Amino acid sequence: MTNSFDDIPFFDEEPDHAPRRTPTTPPVPPASQQSQHATGGLGIAARAMAARDQHRAPDYLSGLNPEQREAVETVDGPVLVLAGAGTGKTRVLTTRIAHILATGRAFPSQILAVTFTNKAAREMKERIGVLVGGAVEGMPWLGTFHSIGVKLLRRHAELVGLRSDFTILDTDDVIRLIKQLIQAEGLDDKRWPARQFAGMIDGWKNKGLTPKDIPEGDARAFANGKGRELYAAYQARLKTLNACDFGDLLLHPIDLFRRNPDVLRDYHQKFRYILVDEYQDTNTAQYMWLRLLAQRPKDVPQNVCCVGDDDQSIYGWRGAEVDNILRFEKDFPGAKVIRLERNYRSTEHILGAAGHLIAHNEGRLGKTLFTERREPDDEKVVVHAAWDSEEEARAVGETIEQLQRGDSTGKKHNLNDMAILVRASFQMREFEDRFVTLGLNYRVIGGPRFYERLEIRDAMAYFRLVCQPADDLAFERIVNTPKRGLGDTTVRALHDYARARDIPMLAAAADIIETDELKPKARKALFDVIQSFKRWSELLENTPHTELAEQILDESGYTDMWKNDKSAEGPGRLENLKELIRSMEAFESLRGFLEHVSLVMDAEQNEDMDAVSIMTLHSAKGLEFETVFLPGWEEGLFPHQRALDEGGRSGLEEERRLAYVGLTRAKRRCHIWFVSNRRIHGLWQSTMPSRFLDELPPAHVDVAESESSYGGYGRGGYGQSRFDKADPFANSYSTPGWKRAQANKTDATRDNWGSRSGHAVERIGYGESGPRAKTIDGELIAKSVADTPSKFAVGDRVFHIKFGNGNVVSVEGNKLTINFDRAGEKRVLDGFVERVG
DNA sequence: TGTTGTTTCGTTTTT
DNA sequence: CGAAACAACA
């Protein structure tokens, strides 16, 4: 992907009419872009059209099922493809593009195809390449919302008040910038954290709101009512910096289209076909962007195809609007809706479990996945109980080792085929610990990413400043890295001077060293920095960029800084810097590389090792594994308490969709776990099995016999579910769990389940307000006595419902340390214990 | 300026 | 409880 902006011609890539159905001279991409693929040197469209010219049905259509084929061939008019998990969504999308090209309906550059992640875009390019034989250099408008936004803005920057070489800021830059603004405003940056405000701005931008549009309440909620002013000041600052944040990459194009109907009209003509992947994840801004492009005047066809699955919408918390997909038919009257329900991934049991679970959600478009694959050894979904998370990890580790050695049929399983999907990342640690002691290979997906590392960001700041001397944020980042004696006071002086004159800081520095403003030492140091940058920017045009990059890092003393670093990280960081330089080789210029990095903040994982994957449920979306482990299915963790508190009913439904996503990742085997005790924020808490367990269909689920220490103690009449019994499904509909579910239903109609006014769900153990009954789903479970004197004293003999009998060792408010006869010393809430004897 | 103590906070994450 | 971010200090 070479996205350097200076080589993008404006509307001159192809004639602005559709290609003729029987072209005499097929368009051929420039020689430099032709692939080395065996199929030879013809362009994609040419190859695709060649395929069409043969009189049988084209190869790419064979092997599609009827629904898929319909989704591929219905190219004219608006289409919504509801593609369930594992139904061949990507295949439809890519084949559809191949079909459009093959039938000569459009040139590659006349197709707008939008994805959410770079990974998805990459995969689509590859797969289209396979279909039409060769790399897809000819599809310039296949990419993420953001990368396409950048492309639009580079072309039309001046129409939204930017220069076309604008910088894209990452979250780190944004936070530092906001912090400066908050301080400049004379506000306390402890009371008003920049991070939080950055989050608010992000939220507003997701909704397409500019400073004048934000609700009064929001504006007042931050910085003593200065929220709106601060937001406006931030935007103004971005403008003077000639910079965009991620949100702007969506908002500016919207602004551009609204204010320049002629430009919009050009794009209407240009994009003959529009495709959108993961439509359920679009936020309001993306939706507005898309509508501007897709809703055409009557005389231009609306060939828009959105693909998504409302049941897999799990990003509501970051602004995604499921409504967008639910509303498609209204937005595009006459839209054809095609359902893909034939699943090629999972066993009947897994689909049955997932389908039954998700059926508990309301407001779905409604799909039922089915499979024709049925094998005698298909395993049901298995639910396991464990005493605590340590045992959970131990048991999962054992199961993995068993599979590795060979399952009941003697088949040996690869670790690569197994994944542990957790709700929250803190759960990962226990598994990592366990796997380390077992010597089991694992890989964590989704941790801190390559380009987010300190040394990479520093290096990038150097490169940015060389390419873009006005990049003040980059300047401030590295001016004193490595240490040059240019501390706060110097930087502050530079900053003030630059702001007063409205010039970049690097220029300000050049001015200021001519004066006696600074102490000689600082002046000398600054002089050296300026000289260096001057030198580097002169080399920019004629030196190979990897060479220049190395030179910059060496001459600035940055590599030496890490060589002299005595901490354990030093060598690793140097290695990362080398890796950074290596990855630059694939690009034509430093500029091109910077553009890539600002948008594509991911790096590939090493796939060659056989290892169990550990990741969150969110990052598992789109993946599949032979065997999936789903630990932590407990109330409060999954569904997460906070989702319930803040999202109410819809929050619960999103959690349920997350469970659905988890289940549908599994191809053959799915093991769910819950524990009865979990340490949360250092405190032991008794936990209840997740309500989602009660929502699984008995017919497709087995409950594992208590395999170890679980189950010794009774559950004391509350917190029960059918999973407490050896045979929980014996009479499913009279168990406490089911009754509780019934109770919920009546609750739900009564208080609308979690409106802000308060509902029956509260967190245990955070009682700051007075003593009151803490309940989950209306059942009494504990009393918090945070600010009443504890009724326990050191030495008391007490009984805990999970840990049994013990002696109180110490008392701190409502927290007790108890030495249990069996479980040893634990910290517990006093609501869970009672005095005995 | 590097070290040490103190405070705060605790879900999910892409661009 | 434990990590991370920050403030105070030598």
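All chains are named by letter (A, B, ...) in the order of the sequence lines, taking the proteins before the strands, and each is independently numbered beginning at 1. Bear in mind the structure is a predicted one, so any value in this text is a computation, not a measurement.
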With sequence neighbours excluded, tell me which residues meet side chain to side chain contact (heavy atoms under 4.5 Å, CB included) with [X].
X	value
A/Ala474	A/Ala461, A/Arg464, A/Leu465, A/Asp471
A/Asp202	A/Asn206
A/Ala493	none
A/Thr481	A/Asp458, A/Tyr558, A/Met561

Can you tell me how far [atom2] of [N] sits from [atom1] of [X], to the nearest Å?
X	N	atom1	atom2	answer
A/His618	B/dT12	NE2	P	9 Å
A/Leu658	B/dT11	CG	P	14 Å
A/His640	B/dG10	NE2	P	10 Å
A/Glu321	B/dT14	CD	C1'	17 Å
A/Phe426	B/dT13	CZ	P	13 Å
A/Gln286	B/dT13	CD	C1'	13 Å
A/Glu635	B/dT11	CD	P	17 Å
A/Gln196	B/dT8	CD	C1'	14 Å

Taken in chain and number order and not counting sequence neighbours, the residues that satisfy side-chain hydrogen bond (donor to acceptor under 3.5 Å, both in side chains) with A/Arg678 are A/Glu392, A/Glu634

side-chain hydrogen bond (donor to acceptor under 3.5 Å, both in side chains) filter on A/Glu432, not counting sequence neighbours, yields A/Tyr442

Residue pairs passing the salt bridge (charged side-chain N to carboxylate O under 4.0 Å, His left out) test with at least one member in residues 243-257 of chain A, sequence neighbours excluded, are A/Lys205-A/Asp245, A/Lys205-A/Asp248, A/Asp255-A/Arg259

Please answer whether B/dT12 and A/Trp317 are stacked, defined here as ring centres separated by less than 5.5 Å and planes angled under 30°. yes

inquiry  = Measuring only the P atom in each nucleotide, how far is B/dT13 from C/dA4? A whole number of Å is fine.
reply    =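 Straight-line distance between the two P atoms is 16 Å.
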
May I ask you to check if A/Arg657 and A/Tyr660 form a cation-pi contact, with NZ or CZ under 6.0 angstrom from the six-membered ring centre and within 45° of the axis?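 Judged by the rule, A/Arg657 and A/Tyr660 form no cation-pi pair.
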
When you measure from the side chain of [X], which nucleotide among [options] comes out closest?
X	options	result
A/Lys483	C/dC1, B/dT12, B/dT1	B/dT1
A/Thr171	B/dT13, B/dT15, B/dG2	B/dT15
A/Arg679	B/dT1, C/dG2, B/dT15	C/dG2

For nucleotides 3-10 of chain C, 5' to 3', base contacts (B), sugar-phosphate-only contacts (S) and non-contacts (-) with protein non-hydrogen atoms under 4.0 Å give S--SS---

Whether A/Asn118 contacts B/dT15 is assessed here as follows: a side-chain N or O lying under 4.0 Å from the phosphate OP1 or OP2. Is that the case? yes

Encoded 5' to 3' (Watson-Crick or G-U under 3.5 Å; [ ] crossing; | other strand), DNA chain B becomes ||||||||||.....

Checklist entry - Is the closest basic N to carboxylate O distance between A/Arg122 and A/Glu126 below 4.0 Å? => result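 Not counted as a salt bridge, because no side-chain N and carboxylate O are separated by less than 4.0 Å.
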
